[in-house]
A.B. asks: 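Would you mind keeping the following structure in view while I ask a few things?
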Amino acid sequence: MLEKNGELTEIIIKFAASGWDLIAEPSKAWLDNKNTNKELLPMIEQADKECGSCGCELDALYKRAIELLSA
């Protein structure tokens with residue numbers, strides 16, 4: 001479980017640094033323990049819908065984060 005949490009945290013740090021308001025601010029809040037997995041998940045699902053196949057480095061991370069947050 002700790003390994004999954006570390007992987008998720010690394011992904012969320014990348015989302016927080018993305019500069020995209022849809023995921024950056026909620027990701028920062030998650031990192032600061034100001035929101036929960038349940039609150040963050042819909043934002044990442046929306047980001048995946050809007051940008052999940054554009055070819056950027058975050059495409060695969062959306063899917064993995066969704067998997068980890070849903071577990």
A.B. asks: So Ile23 and Tyr62, do their side chains get closer than 4.5 Å, heavy atoms only?
C.D. replies: yes

A.B. asks: Could I get the full list of side chain to side chain contact (heavy atoms under 4.5 Å, CB included) partners for Asn37, not counting sequence neighbours?
C.D. replies: Trp30, Leu69

A.B. asks: Which atoms form the tightest heavy-atom contact between Asn35 and Pro26, and what is the distance?
C.D. replies: ND2-O, 3.2 Å

A.B. asks: Taking all heavy atoms of Ser70 and all of Leu41, pick out the closest pair and write down the distance.
C.D. replies: OG-CD2, 3.8 Å

A.B. asks: How far apart are the closest heavy atoms of Leu31 and Ala16, and which atoms are they?
C.D. replies: CD1-CB, 3.9 Å

A.B. asks: Heavy atoms only: give me the nearest Ala24-Gly19 pair and the separation to one decimal.
C.D. replies: CB-N, 4.1 Å

A.B. asks: Working to the nearest 0.5 Å, report the span between CD of Glu10 and CZ of Arg64.
C.D. replies: 11.5 Å

A.B. asks: Closest heavy-atom contact between Ala65 and Ile11?
C.D. replies: CB-CG2, 3.9 Å

A.B. asks: Taking side-chain hydrogen bond (donor to acceptor under 3.5 Å, both in side chains) as the test, write out the residues that go with Lys63, two or more places apart.
C.D. replies: Asp48

A.B. asks: Just by modelled atom types, is the Thr36 backbone N or O under 3.5 Å from a matching donor or acceptor in the Glu39 side chain?
C.D. replies: yes

A.B. asks: What is the distance from atom CG of Leu61 to atom NZ of Lys14, rounded to the nearest 0.5 Å?
C.D. replies: 5.5 Å

